[in-house]
Amino acid sequence: MWSNAQDSALQERARAVIPNGMWGHQSVALMPESTPQFFTRAQGTRLWDADGNEYLDFMCAYGPNLLGYQQPEVQAAILRQMELGDTMTGPGPVAVELAEALTGMITHADWAIFCKSGAEATSMALVTARAHRGRRKILLAKGAYHGAHPWNTPRPAGTLPEDRAHLIYFDYNDLDSFADAVKQAGDDFAGVFASPFRHDTFTDQTLPDAEYAAGVRRICDEHDALLIVDEVRAGFRLSRDLSWAEIGVDPDLSCWGKVLGNGQPISCLLGNDKARKAAGSIFVTGSFWFSAVPMAAALETLRLIRETDYLERIREIGTMFRQRLVQQAAEYGFGLRHTGPVTMPMVLFEDDPDYRFGYRFSDTAMRHGAWLSPYHNMFINAAMTPGDIERALEITAIAFDDIRRNRASVQPSAKIAALLPR
Ligand SMILES: Cc1ncc(COP(=O)(O)O)c(C=O)c1O
């Protein structure tokens, strides 16, 4: 019988020693009320919480788990490097090998700088774009998340209007809106973050039009401004190259994180020769940016990305999940919008403006062993098998049936209602 008694006790202790009990998107504040906060173990496709409940995990650590938790070859590379040294007075040879591997795989990239988080990579991109021609204005798609640094945090407490003073927003996938923003920037246009696709929370996902992507590239070239693609969330789930390589558009800079070390803390900024001088002029570092273990994990992850059929498998599994879940929803009398790339599914109920069905659905699924999100895109990993999807569908059948039977009495969560975007 599912229980969250241990987790509740931990949450109570956490509230005494951690503000709000947990920070950032690792907090389960936006999840259904009883969602566990703490995990003790992860293996392959599975997670175990502090009460010992096992979950088939569709969040994949919010992305990093690409090949399966504790993937054996990556794990072996981690252990080998740990024996030799991790954080040392400078980087290991693995830093060069990793930069060579990435520049060999990512068409637009001629160089790499490694860091620890996606936000560090995006902030480095912002500074590099400004350093390129000494200009200030950075263009961003409205609502796009690029990390929790002051210029982009979704909760601006403690930040200043000045932190965003030189940011200009445009509508994603809308070339006219982008051109207007460029006009506003005038001769101070430094660069643009053009997200690989629109993957905002609580909303359907939008893939980029090739025309939009090509238009952004052309306008950046006309102004000698840098085009940045923030691949932190989508990296290697859409392509073995940068996702926009699939639509024939190369950026000047790209930001990577999450999957890079299959869960080890490593991220990077990649760039082309045009941006090399600017990247060499900025001062960026961190005490752990040289750590060799995450780099060794990343080198092995990249080898597996190049040499295995992981991408074809996650596409196949993601397609199966999408088709069967939408069909199952219809069988239970629900419309389901399943948007975004199949490897990063976003699942929202039709006619569910306050998300009450989505939240009830995820809550029931969680209590029966499938970890789904009612508001955030999910992730498919390469350890998932058709058998795992069958298991997930057994669980989602219970969740659909529960809502069908209790349709009239399902209530929106008061906590969530207060937090929802208006
Ligand atoms: C598109 C995108 N950019 C940047 C970030 C920030 O990455 P991190 O949480 O590693 O700082 C995220 C994190 O979710 C992201 O989705």
Looking at Gly257, is its backbone amide N or carbonyl O close enough to the side chain of Glu231 to form a donor-acceptor pair, meaning the two atoms are under 3.5 Å apart?
no

Does a sphere of radius 6.0 Å around CH2 in Trp23 hold more than 12 heavy atoms from other residues, nucleotides or ligands, not counting ones at 6.0 Å or beyond?
no

Backbone N/O of Ala119 and side chain of Thr122: donor-acceptor pair under 3.5 Å
yes

Does a sphere of radius 6.0 Å around CD in Glu73 hold more than 12 heavy atoms from other residues, nucleotides or ligands, not counting ones at 6.0 Å or beyond?
yes

The ring pair (Phe, Tyr, Trp, His ring centres under 6.0 Å) partner of Trp371 among Tyr62, Phe58, Phe39, Trp48 is Phe39

So that I know where these two stand, are Tyr172 and Tyr212 an aromatic pair - ring centroids less than 6.0 Å apart?
yes

Test side chain to side chain donor-acceptor pair (under 3.5 Å) applied to Asp7 and Gln11, step by step:
CA-CA 6 Å; Asp7 189 84; Gln11 289 203 35; 2.7 Å; yes

Going by heavy atoms in the side chains, are Asp401 and Tyr332 under 4.5 Å from each other?
yes

I'd like to know whether CD of Glu211 has more than 12 heavy-atom contacts from other residues, nucleotides or ligands below 6.0 angstrom.
no

Between Phe202 and Tyr355, what is the ring plane arrangement, given parallel below 30°, perpendicular above 60°, and tilted in between?
perpendicular

Taking Ser409 for the side chain and Asn406 for the main chain, is one N or O donor matched with an acceptor at less than 3.5 Å?
yes

Hey, could you give me the OG/CG distance between Ser3 and Asp51, rounded to the nearest 0.5 Å?
4.5 Å

Could you tell me whether Arg46 and Asp388 have a side-chain N and a carboxylate O separated by less than 4.0 Å?
yes

Between the side chain of Ser195 and the main-chain N/O of Arg198, is any donor-acceptor distance below 3.5 Å?
no

Quick one: OH on Tyr310 to CD1 on Ile380, what's the gap to the nearest 0.5 Å?
13.5 Å

Main-chain N/O of Asp200 paired to Thr203 side chain as donor or acceptor, under 3.5 Å:
no

Donor-acceptor pair, Asn4 side chain versus Ser8 backbone, under 3.5 Å?
no

Sub-4.5 Å side-chain heavy-atom contact between Arg360 and Arg407
no

Do Asp252 and Lys274 meet the salt-bridge criterion of a basic N to acidic O distance under 4.0 Å?
yes

Between Glu307 and Arg303, is there a side-chain N and carboxylate O pair less than 4.0 Å apart?
yes

Start with the C-alpha gap between Thr103 and Trp111, add the side-chain angles, then the distance that decides, and say whether side chain to side chain donor-acceptor pair (under 3.5 Å) holds.
CA-CA 6 Å; Thr103 53; Trp111 53 262; over 6 Å; no

Any donor-acceptor N/O pair, Thr339 side chain to Gln205 backbone, under 3.5 Å:
yes

If I take atom OG1 from residue Thr364 and atom CD1 from residue Ile403, how far apart are they, to the nearest 0.5 angstrom?
6.5 Å

Show your reasoning for whether side chain to side chain donor-acceptor pair (under 3.5 Å) applies to Trp256 and Ser254.
CA-CA 7 Å; Trp256 300 73; Ser254 59; 2.7 Å; yes

Is there a donor-acceptor pair under 3.5 Å between the side chain of Arg313 and the backbone N or O of Ala382?
yes

Just by modelled atom types, is the Met31 backbone N or O under 3.5 Å from a matching donor or acceptor in the Thr35 side chain?
no

From CE (Met320) to OG1 (Thr385), nearest 0.5 Å:
8.5 Å

Looking at Glu394 and Arg391, is there a salt bridge between them, counting it only when a charged N and a carboxylate O are closer than 4.0 Å?
yes

In this structure, CG of Leu253 is separated from CG of Leu227 (nearest 0.5 Å) by 8.5 Å

Measuring from atom CG of Leu66 to atom CD1 of Ile314, what distance do you get when rounded to the nearest 0.5 angstrom?
5.5 Å

Verify the neighbour count for atom CZ of Arg240: are there more than 12 heavy atoms of other residues, nucleotides or ligands below 6.0 Å?
yes

Counting only N and O atoms by type, is there a donor-acceptor contact under 3.5 Å from the side chain of Arg217 to the main-chain atoms of Asp250?
yes

Is any side-chain heavy atom of Leu270 closer than 4.5 Å to a side-chain heavy atom of Cys255?
no

Hey, does Ile138 have a side-chain heavy atom less than 4.5 Å from the side chain of Val192?
no

